[in-house]
Amino acid sequence: MNQPSIVRTSTAELYDAYVMKNYSRAPITVVRGRGTQLWDDAGHSYLDFTSGIAVCALGHCHPHWVAAIQRQAAELIHVSNLYRHPNQGELARRIVGYAGPGRVFFCNSGGEADEGMIKLARLHGLKKAGGVEEKCYKIIAAKNAFHGRMFGGMSATPQEKIQKGFRPLVPGFAFGELNNLESFAALIDEGTAAILLETIQGESGINSCTPEFLRGVRQLCDQHNLLLLLDEVQCGIGRTGKFYAFEHAGVRPDAIAMAKGLGGGMPIGAIWAGERAMELFQPGNHGTTFGGTPLACAAGLATLDVIEREGLIDHVAKVSVAWHQALAGLAQQFPQHIAAVRGKGFLVGMQMTSDPAPWIAALRERGLLTVGSGNNVIRLLPPLIATADELARSVEIIRGALQAKA
Ligand SMILES: *Cc1c(COP(=O)(O)O)cnc(C)c1O
């Protein structure tokens, strides 16, 4: 039998046939976004409290950001790092304005930013060891950390589900208990080059470094000539109600990895390095073809423009207070389902008493998109533009799902 070959294939079928199977995706196909809203191909709308995993800081398709990308796309998209481009210079200046005196390296993702910071630690160790390689290269990270899927970052991510199957890992990583300064101090020896931390652990259930712990780690690093490397890929760029989450503790790291929110949806990553680390990269010892393209940097500049003009960081700090209170109220009302609510600003984790996957599905069916974190946490990541009304709406949707189950 000859069938006519005009078979319409659904997106679901295309994924089943052609896309690698490393994700268990939600069964919706998203086709359009505006502000805090997403629409699927069946016409359902959703309040998007994933922000593409803390990426779409300005929500979807903010007009200033779209116009900046359109303008730059028609002018020049890519030149490589063989040449200068005004946008990269300007975005570096803006980041230094937030982070402090230093220099910036641009890449394309959080994983690459972490990878670059790990290489900075190696070069710092080399200097400490008087230029002798393989003497001083150890990095102390935290249990339950997440530093991306590349070999360096994965080796700094002591989670079986992430490392399994990929050994041997990069050597030289040791792990302390988050917020237990003694456990970090005990791991330091003359072979240690750096301490690497997420200011707030995003993938393992929203666990924050306490300000005292961060200040203690800063002191340890000063005493032992270690670099303090902070992974702000998820918690940075305004999400916690400060530009960087470490500002809440009043410390300054030696290097910062950032990515997710920086481009507002355009892939871009960056490392800022302060005085002790900013001269370690020299011609030839690190690089990237795509890092810091005119287009990605235009998106980054537009994102920072909007964050500043619309006062989004203060907005997050302000409206998150009542939201956190309302979520804590839900935890009180439904202790059989919610074990704890924690986080800062627009980076919130709701720890459930059971597998969060059915809850995430139930919330999606009620029009609220959220994302899991760790084994038992529902993560809420509104775009920084989310209004008090939209935050309140999220609480009512969650309440509805809890009541339906109660
Ligand atoms: C997402 C994330 C990464 C990895 O970023 P990618 O862009 O997915 O490579 C690294 N560190 C932290 C803290 C993250 O949240």
Side-chain angles (χ1 to χ4, degrees), residues 95-105 113-114 116-128 136-147 153 156 172-202 204 206-258 270-280 343-345 347:
I95 290 171
V96 165
Y98 282 107
R103 295 181 176 277
V104 179
F105 168 82
D114 284 338
M117 280 206 311
I118 291 166
K119 288 176 77 171
L120 283 179
R122 288 283 177 101
L123 293 175
H124 177 71
L126 186 70
K127 210 163 102 180
K128 264 181 85 175
C136 178
Y137 60 89
K138 286 197 281 187
I139 298 175
I140 307 171
K143 289 178 183 163
N144 296 315
F146 180 81
H147 299 293
F173 291 96
F175 301 96
E177 291 285 343
L178 195 71
N179 293 328
N180 178 341
L181 194 62
E182 288 306 305
S183 73
F184 277 75
L187 292 168
I188 298 171
D189 60 30
E190 70 273 23
T192 309
I195 293 180
L196 168 63
L197 293 166
E198 289 162 273
T199 316
I200 301 178
Q201 293 182 336
S204 61
I206 316 299
N207 299 304
S208 304
C209 291
T210 64
E212 303 73 44
F213 173 70
L214 268 188
R215 290 196 283 265
V217 169
R218 178 69 271 177
Q219 278 184 343
L220 280 181
C221 288
D222 292 340
Q223 280 161 17
H224 298 275
N225 188 17
L226 315 178
L227 295 183
L228 173 54
L229 312 174
L230 290 183
D231 181 345
E232 290 252 343
V233 167
Q234 185 156 166
C235 57
I237 324 295
R239 181 147 291 279
T240 66
K242 299 267 189 199
F243 192 80
Y244 295 114
F246 61 76
E247 292 171 32
H248 294 285
V251 298
R252 186 172 292 167
D254 297 301
I256 308 164
M258 61 205 105
I271 305 169
W272 168 91
E275 275 152 25
R276 296 170 70 203
M278 70 187 194
E279 308 285 350
L280 293 171
K344 228 173 171 74
L347 178 55

Practice task
Look at the side chain of R218 and the backbone N and O of R252, then say whether any donor-acceptor pair between them is shorter than 3.5 Å.
Solution key: yes

Handout entry: L197 side chain reached by L214 side chain, heavy atoms, under 4.5 Å
Key = yes

Exercise for the section: For N179 and T210, indicate whether the former's side chain and the latter's backbone hold a donor-acceptor pair under 3.5 Å. Expected result: yes

Exercise for the section: Might you confirm whether atom CZ of R215 has over 12 heavy atoms from other residues, nucleotides or ligands at distances under 6.0 Å? Expected result: yes

Practice task
Verify side chain to side chain contact (heavy atoms under 4.5 Å, CB included) between F246 and I256, making sure each step is shown before the conclusion.
Solution key: CA-CA 10 Å; F246 61 76; I256 308 164; 3.6 Å; yes

Practice task
Measure the shortest side-chain to side-chain distance between L228 and R276 over non-hydrogen atoms and say whether it is less than 4.5 angstrom.
Solution key: no

Problem - Side-chain donor/acceptor of K128 to backbone N/O of E190, under 3.5 Å - result: no

Exercise for the section: Taking all non-hydrogen atoms of both residues into account, name the closest pair between L347 and C235 and its distance. Expected result: CD2-CB, 3.7 Å

Exercise for the section: Mark yes when over 12 heavy atoms from residues, nucleotides or ligands other than Q223 sit less than 6.0 Å from its CD; otherwise mark no. Expected result: yes

Exercise for the section: May I have the step-by-step check of side chain to side chain contact (heavy atoms under 4.5 Å, CB included) for I188 and L220, ending in yes or no? Expected result: CA-CA 9 Å; I188 298 171; L220 280 181; 4.1 Å; yes

Exercise for the section: For residues G216 and L181, report the shortest heavy-atom separation together with the two atoms involved. Expected result: C-CD1, 3.5 Å

Practice task
Would you indicate whether the side-chain heavy atoms of T192 and L187 approach each other to under 4.5 Å?
Solution key: no

Handout entry: Check: V233 main-chain N/O paired with E198 side-chain donor or acceptor under 3.5 Å
Key = no

Exercise for the section: Without swapping roles, check the side chain of W272 against the backbone of M258 for a donor-acceptor pair under 3.5 Å. Expected result: no

Handout entry: Beyond-backbone contact of P211 with H248, side-chain heavy atoms, under 4.5 angstrom
Key = no

Completion exercise
Correct closest heavy-atom pair for N207 and S204 would be ND2-O, 3.1 Å

Fill in the blank from the handout: Heavy-atom closest pair (V96 atom, P101 atom, distance to 0.1 Å) is CG1-CA, 4.2 Å

Practice task
Determine yes or no for a side-chain-to-main-chain donor-acceptor pair under 3.5 angstrom, with S183 supplying the side chain and N180 the backbone.
Solution key: yes

Fill in the blank from the handout: Here the pair of heavy atoms bringing L226 nearest to A194 is CB-CA, 4.1 Å

Practice task
Any chance you could measure K242, atom NZ, to T199, atom OG1, to the nearest 0.5 Å?
Solution key: 13.5 Å

Problem - Close side-chain approach of I140 to F175, heavy-atom, < 4.5 Å - result: no

Exercise for the section: Determine whether more than 12 heavy atoms belonging to other residues, nucleotides or ligands lie under 6.0 Å from atom CD of E212. Expected result: yes

Practice task
Please check if the side chain of E232 supplies one atom and the backbone of A245 the other of a donor-acceptor pair under 3.5 Å.
Solution key: yes

Handout entry: Distance in Å, D231 CG paired with I271 CD1, rounded so as to fall on 0.5 Å steps
Key = 10.5 Å

Handout entry: E247 (side chain) donor-acceptor with Y244 (main chain) under 3.5 angstrom
Key = yes

Exercise for the section: Check A141 against A156 and note the closest heavy-atom contact, atom names and distance. Expected result: CB-O, 4.1 Å

Completion exercise
d(I200 CD1, R239 CZ) to nearest 0.5 Å is 10.5 Å

Practice task
Without swapping roles, check the side chain of H124 against the backbone of N225 for a donor-acceptor pair under 3.5 Å.
Solution key: yes

Fill in the blank from the handout: Value for CG (L196) from CE (M117), rounded to nearest 0.5 Å, stands at 5.0 Å

Problem - Whether F184 and F213 hold their rings parallel, tilted or perpendicular, with breakpoints at 30° and 60° - result: perpendicular

Practice task
Ignoring hydrogens and angles, tell me if any N or O in the side chain of D254 forms a donor-acceptor pair with the backbone of L229 under 3.5 Å.
Solution key: no

Exercise for the section: For the residue pair L227 and C221, establish whether any side-chain heavy-atom pair is separated by less than 4.5 Å. Expected result: no

